[in-house]
K.L.:
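Pasting in a structure now, in structure tokens, and then I'll have a few things to ask.
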Amino acid sequence: MESSYDWEKITHSLSRLIRIVPTPVGLQFCESDEELNSIPKVRLSDMRFTACQGIGQAIQFGWTVGIRPQNIHADYCRTIHGMVSPDEKFYSGKMFANIWNDEESAKKHHCSMLCAPHKYVAVVASPLSAERLNRVDVCLIYGTSGQLFMLLSGFLYSDYQKLDFTFSGESACNDTWIRTLVTGKPNMGLPSFAERKFGGVADHEIVLSITPKDLVKAIDGTEKLYKNGLRYPIAPYGLVTDVMAGLPESYKAF
């Protein structure tokens with residue numbers, strides 16, 4: 001496990017500062033069978049499941065789950081996760097045609113997908129606190145809009161940069177963990193139909209994908225916000241109260 005990150009402390013901070021309930025999970029994208037098999041207690045099975053279903057197993061059961069091409073149900077999902085190269089069939093859009101989109105829009109949807117580079121033999125999902133992964137490429141935090149608002153506000157506390165997110169419709173994995181893998185940037189997304197049906201994501205949850213380095217930055221900033229009195233849960237001030245008593249002094253000058 002990466003010695004530079006204290007995952008027990010990090011997950012405890014998420015619980016203390018924003019009261020995260022779903023288990024924070026890390027993803028390791030493996031480029032070889034040797035890398036995959038070197039991960040302690042990795043579960044490898046012949047069961048067919050979606051990538052988000054494997055992630056759900058890590059969240060719900062605390063398992064360290066190997067997600068390989070033979071587990072994934074279709075080349076479409078394998079392509080997005082960098083296990084096969086996109087081909088004419090992928091870009092045709094026929095998988096989604098007249099299901100999620102009409103034929104022309106389905107083709108546009110598929111052509112818009114951000115895919116991981118074709119070099120991975122597996123993705124492993126594991127609870128961060130288990131400290132089993134040899135390397136965490138992406139962290140996944142599932143929570144409410146209020147929880148993730150505070151965490152991302154912590155990320156913006158120092159070295160400010162405006163964040164932009166995308167929405168592709170179904171296949172939201174390309175908007176979140178794949179996008180973070182490829183760009184290195186934090187991303188937040190609405191879990192897709194598949195994540196809810198197969199991955200067990202609750203209706204009120206949204207997902208944040210973020211690198212370990214940026215997660216530490218976000219937690220540090222959230223800690224500073226906490227000390228400034230900006231804390232989760234955010235207590236409603238009241239719809240018919242005078243707002244002035246609830247504002248910091250610096251706000252009143254503007």
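What you see is a predicted model; the values in this text were computed from it and never measured. Computed from heavy atoms alone, side chains included, the values below leave out hydrogens, waters and symmetry copies.
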K.L.:
Are any non-hydrogen side-chain atoms of D102 and S105 less than 4.5 angstrom apart?
P.N.:
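Yes; the side chains approach each other to less than 4.5 Å.
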K.L.:
Are the ring centres of Y91 and H110 closer than 6.0 Å?
P.N.:
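No, the ring centres sit 6.0 Å or more apart.
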K.L.:
Counting C-beta onward and ignoring hydrogens, is there a side-chain heavy-atom pair between T11 and R16 closer than 4.5 Å?
P.N.:
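Of all side-chain heavy-atom pairs linking R16 with T11, none is under 4.5 Å.
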K.L.:
Between S171 and N174, is there a side-chain donor-acceptor contact under 3.5 Å, judged purely by atom types and distance?
P.N.:
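Note: N174 and S171 side chains miss the donor-acceptor criterion.
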K.L.:
So with a 6.0 Å cut-off around NZ of K252, is the heavy-atom count from everything else above 12?
P.N.:
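Yes, the 6.0 Å shell around NZ holds more than 12 heavy atoms from other groups.
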K.L.:
For the residue pair V136 and G26, what are the closest heavy atoms and their distance?
P.N.:
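That closest heavy-atom pairing would be CG1-CA, 4.0 Å.
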K.L.:
Is there a path from Y142 to I206 through hydrophobic residues (I, L, V, M, F, W, Y) whose side chains come within less than 4.5 Å of each other?
P.N.:
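Different clusters: Y142 never reaches I206 through Ile, Leu, Val, Met, Phe, Trp or Tyr contacts under 4.5 Å.
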K.L.:
For the residue pair C173 and I80, establish whether any side-chain heavy-atom pair is separated by less than 4.5 Å.
P.N.:
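Yes - at least one pair of side-chain heavy atoms lies under 4.5 Å apart.
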K.L.:
Provide the closest heavy-atom pair for L148 versus V207 in the form atom of the first, atom of the second, distance.
P.N.:
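It is CD1-C, 4.0 Å.
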K.L.:
Pairs under 3.5 angstrom only: tabulate donor-acceptor contacts from the side chains of residues 175-189 to other protein residues two or more places apart or in another chain.
P.N.:
unit_1, atom_1, unit_2, atom_2, d
D175, OD1, T166, OG1, 2.5
D175, OD1, S168, OG, 2.9
D175, OD2, S168, N, 2.9
D175, OD2, S168, OG, 3.2
T176, OG1, A172, O, 3.2
W177, NE1, H81, NE2, 3.0
R179, NE, N187, OD1, 3.1
T180, OG1, T176, O, 3.3
T180, OG1, K185, O, 2.8
T180, OG1, N187, ND2, 3.1
T180, OG1, S209, O, 3.2
T180, OG1, S209, OG, 2.7
T183, OG1, R179, O, 2.7
T183, OG1, K185, N, 3.1
K185, NZ, Q161, OE1, 3.4
N187, ND2, K185, O, 2.8

K.L.:
Hey, does I18 have a side-chain heavy atom less than 4.5 Å from the side chain of T222?
P.N.:
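Sidechains of I18 and T222: in contact.
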K.L.:
So, do L225 and R231 sit near enough that their side-chain heavy atoms are less than 4.5 Å apart?
P.N.:
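When only atoms from C-beta onward are counted, R231 and L225 do not touch, as no gap falls below 4.5 Å.
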K.L.:
Identify the heavy atoms of R196 and E205 that sit nearest to each other, and give their distance.
P.N.:
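Smallest heavy-atom distance, with atoms named: NH2-O, 3.9 Å.
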K.L.:
Which heavy atom in P212 sits nearest to a heavy atom in W7, and how many Å separate them?
P.N.:
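What the structure gives for the nearest pair is CB-CH2, 3.7 Å.
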K.L.:
Looking at N228, I'd like to know if its CG atom is crowded, meaning that more than 12 non-hydrogen atoms belonging to other residues, nucleotides or ligands lie closer than 6.0 Å.
P.N.:
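Correct, the count exceeds 12.
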K.L.:
Quick check: do E223 and L17 have side-chain heavy atoms less than 4.5 Å from each other?
P.N.:
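In short, these two side chains touch, coming nearer than 4.5 Å.
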K.L.:
Is it true that atom CD of E103 has more than 12 heavy atoms of other residues, nucleotides or ligands lying nearer than 6.0 Å?
P.N.:
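Open: at most 12 neighbouring heavy atoms sit under 6.0 Å from CD of E103.
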K.L.:
List, one per line, each side-chain donor-acceptor pair under 3.5 Å for residues 117-126, sequence neighbours excluded.
P.N.:
unit_1, atom_1, unit_2, atom_2, d
H118, ND1, S85, OG, 2.6
H118, NE2, M83, O, 3.3
S126, OG, T64, OG1, 2.7

K.L.:
Treating Ile, Leu, Val, Met, Phe, Trp and Tyr as nodes and any side-chain heavy-atom pair under 4.5 angstrom as an edge, say whether M47 and F198 lie in one connected cluster.
P.N.:
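No, because M47 and F198 fall into different hydrophobic clusters, even though each may have its own neighbours under 4.5 Å.
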K.L.:
Measuring from atom CG of D214 to atom SG of C139, what distance do you get when rounded to the nearest 0.5 angstrom?
P.N.:
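Taking CG in D214 and SG in C139, the distance rounds to 9.5 Å.
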K.L.:
Test salt bridge (charged side-chain N to carboxylate O under 4.0 Å, His left out) on K107 and E104; report intermediate values, then the result.
P.N.:
CA-CA 5 Å; K107 185 173 182 178; E104 186 60 31; over 6 Å; no
K.L.:
Is Y157 close to K217 at the side-chain level, that is, under 4.5 Å between some pair of heavy atoms?
P.N.:
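When only atoms from C-beta onward are counted, Y157 and K217 do not touch, as no gap falls below 4.5 Å.
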K.L.:
Tell me, with the steps shown, if W100 and M95 meet side-chain contact (heavy atoms from CB on, under 4.5 Å).
P.N.:
CA-CA 9 Å; W100 283 106; M95 181 173 175; over 6 Å; no
K.L.:
State, to 0.1 Å, how close E8 and E131 come at their nearest heavy-atom pair, and which atoms those are.
P.N.:
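Distance-wise, the nearest heavy atoms are N-OE2, 3.6 Å.
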K.L.:
Verify, without hydrogens or angle tests, whether N37 (side chain) and E34 (backbone) share a donor-acceptor contact under 3.5 angstrom.
P.N.:
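Flag not set: sc N37 to bb E34 has no pair under 3.5 Å.
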K.L.:
Quick one: do R78 and D75 satisfy salt bridge (charged side-chain N to carboxylate O under 4.0 Å, His left out)? Show the steps, please.
P.N.:
CA-CA 5 Å; R78 297 185 191 107; D75 273 351; 2.7 Å; yes
K.L.:
Give a yes or no on whether the backbone of H12 and the side-chain of S15 come within a donor-acceptor separation of less than 3.5 Å.
P.N.:
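Between the backbone of H12 and the side chain of S15 there is no qualifying donor-acceptor contact (under 3.5 Å).
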K.L.:
Nearest 0.5 angstrom please: L163 CG to I210 CD1, how far?
P.N.:
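Between L163 CG and I210 CD1, I get 8.5 Å after rounding to 0.5 Å.
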K.L.:
To the nearest 0.5 Å, how far apart are CG in D46 and CZ in R48?
P.N.:
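Atom-to-atom, D46:CG and R48:CZ are 10.0 Å apart.
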K.L.:
Verify the distance criterion only: is there a donor paired with an acceptor across the side chains of Q28 and E35 at less than 3.5 Å?
P.N.:
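Q28 vs E35: donor-acceptor pair found between side chains.
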K.L.:
Working to the nearest 0.5 Å, report the span between OG of S13 and CD1 of I20.
P.N.:
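Output value for this atom pair is 12.0 Å.
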K.L.:
Establish whether V25 and L133 are linked, either directly or via other cluster members, by ILVMFWY side-chain heavy-atom contacts under 4.5 Å.
P.N.:
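In one cluster with V25: L133, no.
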K.L.:
Can you tell me if OH on Y251 sees more than 12 non-hydrogen neighbours from other groups inside 6.0 Å?
P.N.:
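No, because the 6.0 Å sphere around OH of Y251 holds 12 heavy atoms or fewer from other groups.
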K.L.:
Distance check, rounded to the nearest 0.5 Å: Q57 atom CD versus C52 atom SG?
P.N.:
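Spacing of CD (Q57) from SG (C52) equals 10.5 Å.
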K.L.:
How long is the span from the CD1 atom in I39 to the CZ atom in R135, to the nearest 0.5 Å?
P.N.:
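Here the interatomic distance stands at 8.0 Å.
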K.L.:
I would like to know whether R68 and L36 meet side-chain contact (heavy atoms from CB on, under 4.5 Å); could you show each step before the answer?
P.N.:
CA-CA 10 Å; R68 299 175 292 170; L36 171 64; 3.9 Å; yes
K.L.:
Around atom CD of Q70, are there more than 12 heavy atoms from other residues, nucleotides or ligands closer than 6.0 Å?
P.N.:
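Atom CD in Q70 is packed in, count exceeds 12.
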K.L.:
For residues V138 and T211, determine if any side-chain heavy atom of one lies less than 4.5 Å from a side-chain heavy atom of the other.
P.N.:
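Side-chain contact under 4.5 Å: no.
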K.L.:
With side-chain contact (heavy atoms from CB on, under 4.5 Å) as the test, would you mind laying out the steps for W63 and K41 before giving the verdict?
P.N.:
CA-CA 8 Å; W63 294 351; K41 297 186 178 180; over 6 Å; no
K.L.:
If you count heavy atoms of other groups shown closer than 6.0 angstrom to CZ of F165, is the number above 12?
P.N.:
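Result for CZ/F165: enclosed.
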K.L.:
Testing the basics here: between E170 and S192, what is the closest heavy-atom pair and its distance to 0.1 Å?
P.N.:
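Distance-wise, the nearest heavy atoms are OE1-CB, 3.2 Å.
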K.L.:
Applying a strict under-4.5 Å side-chain criterion to I, L, V, M, F, W and Y, I'd like to know whether L215 and Y232 cluster together.
P.N.:
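Linked within one cluster.
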K.L.:
Examine L27 and F49 and state if one hydrophobic cluster contains both, with Ile, Leu, Val, Met, Phe, Trp and Tyr joined whenever side-chain heavy atoms are less than 4.5 Å apart.
P.N.:
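Yes, it is one cluster - the side chains of L27 and F49 are joined through contacts under 4.5 Å.
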K.L.:
For the pair D164 and K162, evaluate salt bridge (charged side-chain N to carboxylate O under 4.0 Å, His left out) and give the outcome as yes or no after the intermediate values.
P.N.:
CA-CA 7 Å; D164 295 300; K162 186 174 181 179; 5.2 Å; no
K.L.:
Can any side-chain N or O of N101 pair as donor or acceptor with the backbone N or O of A97 at less than 3.5 Å?
P.N.:
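Side chain of N101 to backbone of A97, a donor-acceptor pair under 3.5 Å: no, none is there.
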